[in-house]
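Shown next, in structure tokens, is the structure this report addresses.
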Amino acid sequence: MSPPPEILFHRWFLQRFQPRTICTPAGDIYRPYKGKKDLATLPAPLESLLTTIQSSFNEALRDEKDIAEHVPHSPFYLDYIDSDIPNAFAFHSDDYSFIGITIGLVNVLWETCLRLSRSRQLANVLGIEATSGLDEPLHVVLLRIQLNFVVTHEYTHHVHGHLSGSDFVDEIGEGGEDGNLIQQILEVDADGYAAYHVLHHLTGVEGRSHAVKLLKLAAEGADTQDQRLFSCFVAAVGAYLFSRPPAPLDKRDIYELTHPPQAARMDCLMQRSIAWCKQNRPELAVWMGPRKFQSLMGAVADATWGMNGGRDWTEQTEFLRSEAGAEYFKKLDKGFKSLLRSL
């Protein structure tokens, strides 16, 4: 009888990431990824939230419907990784399609959303009274959006065949220079498909009902609800990207990154999000104009300042507006469209 997926998940990390001795007088042993995280060791509120999210995702993944553009894949299993490194994984092993999120990444997302939920500037942009007592509910809504985005991003790596020829992909390598344009195109695809899924759920019956109840939007019209929820999505995903140190750019090394630089990634993600709006909520595509988007990102940058080392995206945006940056965007867009046609 085959071991349960949580055991196989744990074994994969023990086998894939060997312990190593770090340079201390005691010769301490360090293992970057220690396997499955025992959630019982976490504070009770966080344990409850993560357990609920894990159960709901695994149930949804078990009930996954056949979709034409999805490649054949084994059953899914999602779990948390015992590691302080902020990261997420998609990998195949033992006839399972695994998705793993480190506790280090959960902690970053928790802190990011906590800062957003306490930001008066963001509350003002969202149209929420700063003294309305919605800090905690907003924290929950934003955290769920971020976790949903991360999980669905890794899910896309599986169902769109991104793991072909590799045993896993991970999320941490944004600053690494061991990648290529093809890898970046796959990341853009994963972001875009994740945005479609998250927005579909957030504005659907179940996701809308939960968020509307938490944010006390029941008395608002459907259009206002959509605007608030879409704004929460943009703020949550923008904060997820902004909380990471920006990769330095020049025309020589941008094609060697494993992920697009955050400014480019956010631009591509918003293009896909607006495309979803045009198909499903056309009025939202008009409402979320450049001014509204900039006000949201300004509030996000202010709330999360310091988490990324105290650096903004100025250098990135300046490069991306240059001739070399325009050429990079052109190649990225061409490759992404070619990938979509192949699905």
Side-chain angles (χ1 to χ4, degrees), residues 4-10 12 36-37 39 46-81 87-103 105-106 109-110 113 140-163 168-171 189-215 226 229-230 232-233 236-237 240 269 272-273 276 279-281 343:
E6 58 266 28
I7 298 297
L8 299 173
F9 180 91
H10 181 73
W12 186 86
K36 172 183 167 60
K37 176 66 176 179
L39 297 183
L46 182 57
E47 177 193 2
S48 176
L49 177 62
L50 293 183
T51 300
T52 300
I53 290 172
Q54 179 188 13
S55 298
S56 62
F57 271 121
N58 278 328
E59 181 180 354
L61 291 169
R62 282 194 297 271
D63 296 336
E64 179 196 22
K65 298 178 181 179
D66 291 332
I67 299 178
E69 64 266 28
H70 287 183
V71 301
H73 54 273
S74 47
F76 280 98
Y77 178 75
L78 163 73
D79 214 326
Y80 302 101
I81 307 163
N87 207 352
F89 284 81
F91 61 96
H92 290 304
S93 183
D94 299 287
D95 296 323
Y96 279 96
S97 298
F98 286 112
I99 296 172
I101 304 174
T102 68
I103 294 301
L105 179 56
V106 171
L109 300 183
W110 181 280
C113 293
V140 172
V141 170
L142 294 172
L143 184 62
R144 283 182 174 272
I145 290 172
Q146 285 189 341
L147 283 169
N148 197 347
F149 179 80
V150 171
V151 171
T152 313
H153 176 103
E154 301 306 323
Y155 165 83
T156 305
H157 285 314
H158 283 291
V159 300
H160 281 186
H162 297 172
L163 273 70
F168 76 95
V169 293
D170 63 338
E171 176 65 11
D189 179 43
D191 280 348
Y193 201 52
Y196 264 64
H197 276 276
V198 175
L199 287 170
H200 178 75
H201 177 265
L202 188 61
T203 60
V205 175
E206 182 181 355
R208 175 188 289 271
S209 175
H210 185 259
V212 164
K213 181 179 179 180
L214 283 173
L215 299 179
D226 284 342
L229 297 180
F230 189 40
C232 284
F233 167 80
V237 176
Y240 168 66
L269 196 150
R272 301 303 298 162
S273 300
W276 179 91
Q279 291 178 2
N280 300 278
R281 301 286 195 282
L343 293 175

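Note that these values count all heavy atoms, side chains included, but never hydrogens, waters or copies made by symmetry.
Between the side chains of His197 and His201, no donor-acceptor pair is found at a separation under 3.5 Å.
To the nearest 0.5 Å, atom NZ of residue Lys37 and atom CD1 of residue Ile103 are 6.0 Å apart. Taking CG of Asp226 as the start and CG of Leu199 as the end, the distance is 10.0 Å to the nearest 0.5 Å. Here Leu8 contributes atom CG and Phe98 contributes atom CZ; the two are 5.0 Å apart, rounded to the nearest 0.5 Å. Interatomic distance, CD of Gln54 versus CG of Leu61, reported as 10.5 Å (0.5 Å rounding). The line from OH of Tyr155 to CD1 of Ile99 is 8.5 Å long, rounded to the nearest 0.5 Å. Considering CZ of Phe230 and CH2 of Trp276, their distance stands at 8.0 Å, rounded to 0.5 Å.
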| task | Kindly indicate, with the supporting measurements, whether the criterion ring pair (Phe, Tyr, Trp, His ring centres under 6.0 Å) is fulfilled by Trp12 and Phe91. | result | CA-CA 9 Å; Trp12 186 86; Phe91 61 96; 3.8 Å; yes

| said: Run Asn280 and Thr203 through side-chain contact (heavy atoms from CB on, under 4.5 Å) and show every step you take. | reply: CA-CA 10 Å; Asn280 300 278; Thr203 60; over 6 Å; no

| task | In sequence, state the C-alpha distance, the side-chain angles, and the governing distance for His73 and His92, and then conclude on ring pair (Phe, Tyr, Trp, His ring centres under 6.0 Å). | result | CA-CA 9 Å; His73 54 273; His92 290 304; 8.4 Å; no

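The shortest side-chain heavy-atom distance between Leu78 and Glu154 does not fall under the 4.5 Å cut-off. The side-chain heavy atoms of Leu163 and Ser97, taken from C-beta on, include no pair separated by under 4.5 Å. Here the side chains of Asp191 and Phe149 are in contact, with some heavy-atom distance below 4.5 Å. Considering only heavy atoms from C-beta on, Val140 comes within 4.5 Å of Leu214 through its side chain. The shortest distance between side-chain heavy atoms of Ile81 and Leu105 does not fall below 4.5 Å. By the 4.5 Å heavy-atom criterion applied to side chains, Val150 and Tyr240 are counted as neighbours. Using a 4.5 Å heavy-atom threshold, the side chains of Leu49 and Trp110 count as touching. The shortest side-chain heavy-atom distance between Phe76 and Val159 falls under the 4.5 Å cut-off.
The shortest heavy-atom contact between Ala90 and His157 is CB-CB, 4.0 Å. What you find for His160 and Val71 is that their closest heavy atoms are C-CG1, 4.2 Å. The two residues Cys113 and Leu142 come nearest to each other via the heavy atoms SG-C, 3.5 Å. Between Ser273 and Phe233, the closest heavy-atom pair is OG-CE2, 3.4 Å. Nearest heavy-atom pair, Thr152 versus Ala194, reported as atom, atom and distance to 0.1 Å: CG2-CA, 3.7 Å. Here the closest non-hydrogen pair linking Ile145 and Ala236 is CG2-CB, 3.7 Å.
When each of His162, His153, His70 is paired with Tyr193, the ring-ring contact (aromatic ring centres under 6.0 Å, His included) condition holds for His70 and for no other.
With sequence neighbours left out, His200 forms a ring-ring contact (aromatic ring centres under 6.0 Å, His included) with no residue at all. Checked against side chain to side chain donor-acceptor pair (under 3.5 Å), Thr51 has no partners two or more places apart in sequence or in another chain.
Between the Ser56 side chain and the Ile53 main chain, a donor and an acceptor come within less than 3.5 Å of each other. A donor-acceptor pair under 3.5 Å is absent between the side-chain atoms of Tyr80 and the main chain of Val106, judged by distance alone. Checked by atom type and distance alone, the side chain of Asn148 never pairs as donor or acceptor with a backbone atom of Arg144 at under 3.5 Å.
Atom CD of Gln279 sits in a crowded spot, with more than 12 heavy atoms from other residues, nucleotides or ligands closer than 6.0 Å. The 12-atom threshold is not exceeded at CG of Asp95, counting heavy atoms of other residues, nucleotides or ligands nearer than 6.0 Å.
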